[in-house]
Visitor: 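Here it is, the structure, as structure tokens.
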Number of protein chains: 2
Amino acid sequence: MKDVAAEAGVALKTVSRVVNNEPGVNAATADRVRAAIERLGYSRNESARVLRQGRTSSIGLVIEDVGDPFYSGVSRAVEDVAIRHGSLVLSGSSAEEPARERELVLTFCARRVDGLIVVPAGADHSYLRSELAAGTPAVFVDRPAGPGLDVDTVLCDNRGGARMATAHLLAHGHRRIAFLGDSPTIFTAGEREHGYREALGDLVDERLISMAHPELDRVRADLDRMLGMDDPPTALFTGNGRLTMTALRALAGRRMALIGFDDFELADLLSPGVSVVSQDSAGLGRVSAELLFRRIAGGGGPAERVQLPVRLIPRGSGELPPEAPRSS
Amino acid sequence: MKDVAAEAGVALKTVSRVVNNEPGVNAATADRVRAAIERLGYSRNESARVLRQGRTSSIGLVIEDVGDPFYSGVSRAVEDVAIRHGSLVLSGSSAEEPARERELVLTFCARRVDGLIVVPAGADHSYLRSELAAGTPAVFVDRPAGPGLDVDTVLCDNRGGARMATAHLLAHGHRRIAFLGDSPTIFTAGEREHGYREALGDLVDERLISMAHPELDRVRADLDRMLGMDDPPTALFTGNGRLTMTALRALAGRRMALIGFDDFELADLLSPGVSVVSQDSAGLGRVSAELLFRRIAGGGGPAERVQLPVRLIPRGSGELPPEAPRSS
DNA sequence: CTGAAAGCGCTAACAA
DNA sequence: TTGTTAGCGCTTTCAG
């Protein structure tokens, strides 16, 4: 910048003014400066600007895995909003490990991001307290923050969606409805289990509920066990996208009513089409990013908790009738 | 840092030494400093460090769309390698728009990223020349850089994969093989078309080739037109994942041999399973990131051009025999 | 082993 | 409309 000033025969500050499109610069002078910039191939050093202004024009995004379609949808939506606000996105995957989540968040904070969007992996976010107090706003997405942290949160209606799916199966005549969920330590998994239980009421049978990490072998074993019962399930409700696919593989063509939580590409092309409870991943990203930028801009008020609706998409698998009872 | 120094009763530089784990600090002093850091909740301001050192420990990643499973696979792999090198990833989606690609790259450069990984949308990358000359290394992924730019490149064997797929269909008795490709301005689309033509030789029929943006209506119209011919195609080769899915929808259950370029989730669950040419998106990301970090570390030598192998995964759809010729 | 001073490139505040 | 000066928080250099 010094060189540019010399080249254009003006003061440092004038160059700064031109670079920042600040008003109050003679057009001719500005042109001379721009010419000098062009000639010298100058480009502003953002680090210095950041140091001076204390604003990085970047936000940090911690998700579970960029490779997962649900989270990459969130990611893309956040990115779009950020660009509109002139911000860049620093992102990282926690791989569902609390330690990595913490490390990423603290790294982002050390880089003085203007704000954070976090899909939490852990349950303890006390490490964030000092950052929040220091004025870095954060929005939690998909899952709430650990106890004692008063922070904006954007969630899907997990419980309502699960209730809806289960009720849909009930309405189609099913009474024996199994639930395959992810590990109950995961917030969304627990909420969906609750919704399932609420809809089922007295019909709940603990033997038809299985919650653990979605591995094919586990799912297959569980399904085999359930289907081998005297009064086997006639319908299945799967607690997330990965589980739905795993279950589809494990079922290996056996015909059974099925509704999955979370939509997925090609669900409509399978036969029958897979009925799902669809979450709006893009909406999740968009809403949380907008909330964050409102906070960054100084928007005050108490922490908000937004819940986005989900919707049931019937495609056939959720509308299959119960198998005719076996004549015994 | 000044406060920490005061709190610990040492000089600024000593704090700096402790924070950076520099050798030559009395253990007791270091402990005192660390205690002060803890008490004050201090964390180093990376911007200032960057300003001084000129190294940001971050790389820029420009892809087409984080929401696309192929690119999010690349993305995740890049991220993993970056973390191992103590680097963060700034990423952005070009949405296949050259202007946005350019803007992202220049924004990243203004932030003084240590290096760039780019899936180019445009064909002209002259804007990068000054950055490269200034010492910011770049690696192009999935598609090569525009003419006149001597830069590391990591590609898949698009042509070979297309040749393999087409030959596979030929081996299963097909002689009328249609090709649906993406817009020919996209490098990978062109390469795959070439491979298809090479394998087909004299059997090429221009009426069985359609290349454009993968919209359902277009694909449906093309397929209808082709299937209405006197000698309709008995097999279809689709040029990317999006097109494969679109074609599956457009075929709406009509039985026809099919191989798609690029694997996708659930390809095995459709009936018949969809045979594909699988690209290693994670490998693409990993190899390019490793190459980039080698350059950042000062690794010299001429620009490399790495080609990753692809593999054919038969699942049924690519092994269907031609329909018995209609008795006319 | 520890410290003082200079300066990275920029912008804010104040003059002229 | 333009310029001058100070200082953001850190690391580098050189001196104790």
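Side-chain atoms are counted along with the backbone in the values below, which use heavy atoms only and exclude waters and symmetry mates. Here is how names work: the chains are called A, B, and so on, in the same order as the sequence lines, proteins then strands, and each is numbered from 1.
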Visitor: Based on the rotation axes of five pairs at each end, what angle does the helix from C/dC1-D/dG16 to C/dA16-D/dT1 bend through, to 10°?
Guide: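 Axis angle across the helix from C/dC1-D/dG16 to C/dA16-D/dT1, nearest 10°: 30°.
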Visitor: Determine, step by step, whether B/Glu101 and B/Tyr127 satisfy the side chain to side chain donor-acceptor pair (under 3.5 Å) criterion, reporting the C-alpha distance in whole Å, the side-chain angles of both residues, the deciding distance to 0.1 Å, and the verdict.
Guide: CA-CA 11 Å; B/Glu101 169 206 312; B/Tyr127 68 86; 2.5 Å; yes
Visitor: Check B/Arg305 with B/Asp152, please: is the shortest side-chain N to carboxylate O separation under 4.0 Å?
Guide: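 Judged by the 4.0 Å cut-off on N to carboxylate O distance, B/Asp152 and B/Arg305 do not form a salt bridge.
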Visitor: Does A/Arg112 have more than 12 heavy atoms from other residues, nucleotides or ligands lying within 6.0 Å of its CZ?
Guide: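 It does: A/Arg112 CZ has more than 12 such atoms within range.
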Visitor: Is any side-chain N of the basic residue among A/Asp80 and A/Arg286 closer than 4.0 Å to the acidic one's carboxylate O?
Guide: no
Visitor: What I want to find out is whether A/Glu46 reaches A/Arg44 closely enough, with some N-O distance under 4.0 Å, to be called a salt bridge.
Guide: yes
Visitor: With under 30° as parallel and over 60° as perpendicular, where do the rings of B/His85 and B/Phe293 fit, or are they tilted in between?
Guide: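 Judged by the thresholds at 30° and 60°, the geometry between B/His85 and B/Phe293 is parallel.
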Visitor: Indicate yes or no: at least one non-hydrogen side-chain atom of A/Asn240 is less than 4.5 angstrom from one of A/Thr188.
Guide: no
Visitor: At a heavy-atom distance below 4.0 Å, what parts of residues 2-29 of chain A sit against DNA chain D?
Guide: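 Only A/Val10, A/Ala11, A/Lys13, A/Thr14, A/Arg17, A/Gly24, A/Val25, A/Asn26, A/Thr29 qualify.
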Visitor: For A/Arg84, is there an ion pair with A/Glu290 - N to carboxylate O distance below 4.0 angstrom?
Guide: yes
Visitor: I need the residues from residues 37-56 of chain B with at least one non-hydrogen atom less than 4.0 Å from DNA chain D; give them sorted by number, or say none.
Guide: B/Tyr42, B/Arg44, B/Asn45, B/Ala48, B/Arg49, B/Leu51, B/Arg52, B/Gln53
Visitor: Nearest whole angstrom, please: distance from the C1' of C/dG3 to the CE of B/Met1.
Guide: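 My rounded result for the distance is 14 Å.
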Visitor: Apply side chain to side chain donor-acceptor pair (under 3.5 Å) to residues A/Arg49 and A/Asn20 and explain how you reach the verdict.
Guide: CA-CA 11 Å; A/Arg49 175 194 171 84; A/Asn20 294 295; 2.9 Å; yes
Visitor: Indicate whether any N or O donor in one side chain lies under 3.5 Å from an N or O acceptor in the other, for B/Ser93 and A/Glu79.
Guide: yes
